[in-house]
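Here is the structure we will look at.
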Amino acid sequence: GAVVSQHPSWVICKSGTSVKIECRSLDFQATTMFWYRQFPKQSLMLMATSNEGSKATYEQGVEKDKFLINHASLTLSTLTVTSAHPEDSSFYICSARSLGGFYEQYFGPGTRLTVT
Amino acid sequence: GENVEQHPSTLSVQEGDSAVIKCTYSDSASNYFPWYKQELGKRPQLIIDIRSNVGEKKDQRIAVTLNKTAKHFSLHITETQPEDSAVYFCAAPKGPNFGNEKLTFGTGTRLTIIP
């Protein structure tokens, strides 16, 4: 149980284009999903908290107009990187917290984004 | 907000020996402490967690201890095996407010098991 999928696993895009990343909880309902960014050999940096049916809450320093988050259902959240630039290249990971669960977060496999 | 410090940043142990990783936290109201294992290029996996109402929890070769007074918790891996090599992250929530489930992660410990 507690399986989270993420799609795509990797993507290469050109500067100025937008990229959408999907995060799905496969066998449980997730009231809350989280989006993280991870640089090589570094820790997980929380970008935003996504709650089903409401606006995402962004961490300080994260541009909400650049990183658009939508949590349309209890099993799906999407992150869209708009007008991507090379500095947006990173490993993006989502996690999900199950409905009725405690603080446990289950992570997706991550998406490697490369902006050329 | 919660501040989580993790030590050491790297750790090498001989196969079969024990490994201990320690984290300290700042928010005395924190009540949940998970440990994640992340292999290269893969997702963090929850390996063990502990709630503040207990002082120790074990799962086979892995254990976590919690000292609420000192505000630190530790991961113990016994009889280490090569497959234990990975980066380990500790985490703590920002407090017992169930409306705020964000976790603050430690900086990670790269554990290498020497055959």
Side-chain angles (χ1 to χ4, degrees), chain A residues 1-7 9-10 21 23-26 28 30-52 54 56-62 71 90-112, chain B residues 1-7 9-10 21 23 25 27 29-54 57 59 64 73 86-112:
Chain A
V3 178
V4 178
S5 71
Q6 202 169 326
H7 178 81
S9 55
W10 61 269
I21 302 170
C23 178
R24 292 181 185 272
S25 55
L26 298 185
F28 66 100
T31 50
T32 306
M33 290 184 172
F34 303 88
W35 287 95
Y36 295 86
R37 186 171 178 177
Q38 188 176 36
F39 291 103
K41 297 187 179 181
Q42 292 192 23
S43 189
L44 297 153
M45 184 191 79
L46 180 65
M47 299 174 64
T49 302
S50 165
N51 290 294
E52 185 265 339
S54 63
T57 303
Y58 291 81
E59 295 299 299
Q60 191 172 9
V62 178
H71 193 154
S90 190
F91 193 52
Y92 292 88
I93 312 179
C94 69
S95 71
R97 174 182 168 272
S98 67
L99 181 66
F102 198 59
Y103 284 105
E104 300 91 339
Q105 291 185 27
Y106 300 96
F107 284 85
T111 296
R112 171 85 47 200
Chain B
E2 179 73 276
N3 183 38
V4 178
E5 294 189 359
Q6 183 171 347
H7 299 281
S9 57
T10 60
I21 304 170
C23 285
Y25 60 97
D27 190 341
S30 289
N31 59 353
Y32 173 71
F33 308 93
W35 284 93
Y36 287 86
K37 174 184 180 182
Q38 187 178 29
E39 297 178 51
L40 188 63
K42 296 189 177 180
R43 76 184 82 197
Q45 289 191 309
L46 178 65
I47 57 172
I48 196 167
D49 56 14
I50 191 169
R51 301 187 188 186
S52 59
N53 57 346
V54 296
K57 183 177 177 181
D59 183 3
V64 55
F73 57 109
V87 178
Y88 292 81
F89 293 99
C90 62
K94 294 184 69 173
N97 179 359
F98 287 96
N100 186 345
E101 307 106 340
K102 293 189 285 188
L103 293 175
T104 299
F105 284 83
T107 49
T109 297
R110 183 171 299 277
L111 175 63
T112 302

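Residue numbers begin at 1 in each chain, while the letters A, B, ... track the order of the sequences.
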So what's closer than 4.5 Å to chain B heavy atoms on A/Q6: side chain, backbone, both or neither?
neither

At a heavy-atom separation under 4.5 Å, does A/Q42 approach chain B through its side chain, its backbone, both, or neither?
backbone

Kindly indicate whether the side chain of [X], heavy atoms from C-beta on, has any atom under 4.5 Å from the side chain of [Y].
X      : Y      : value
A/E104 : B/L46  : yes
B/Q38  : A/I93  : yes
B/Q45  : A/Y106 : no

Would a distance-only check, ignoring hydrogens and angles, find a side-chain to backbone donor-acceptor pair under 3.5 Å from B/R43 to A/C94?
no

So, A/S43 side chain and B/G108 main chain: donor-acceptor pair closer than 3.5 Å or not?
no

Just how far is it from atom OG1 of A/T49 to atom CG of B/L103, taken to the nearest 0.5 Å?
9.5 Å

For the NZ atom of A/K41 and the OG1 atom of B/T10, what is their distance to the nearest 0.5 Å?
11.0 Å

Please find the pair of heavy atoms, one from B/F89 and one from A/Q38, that lie closest to each other, and give the distance.
CZ-NE2, 3.8 Å

Structural part of B/P34 lying under 4.5 Å from a heavy atom of chain A:
neither

Trace of the side-chain contact (heavy atoms from CB on, under 4.5 Å) decision for A/Q105 with B/Y36
CA-CA 10 Å; A/Q105 291 185 27; B/Y36 287 86; 3.5 Å; yes

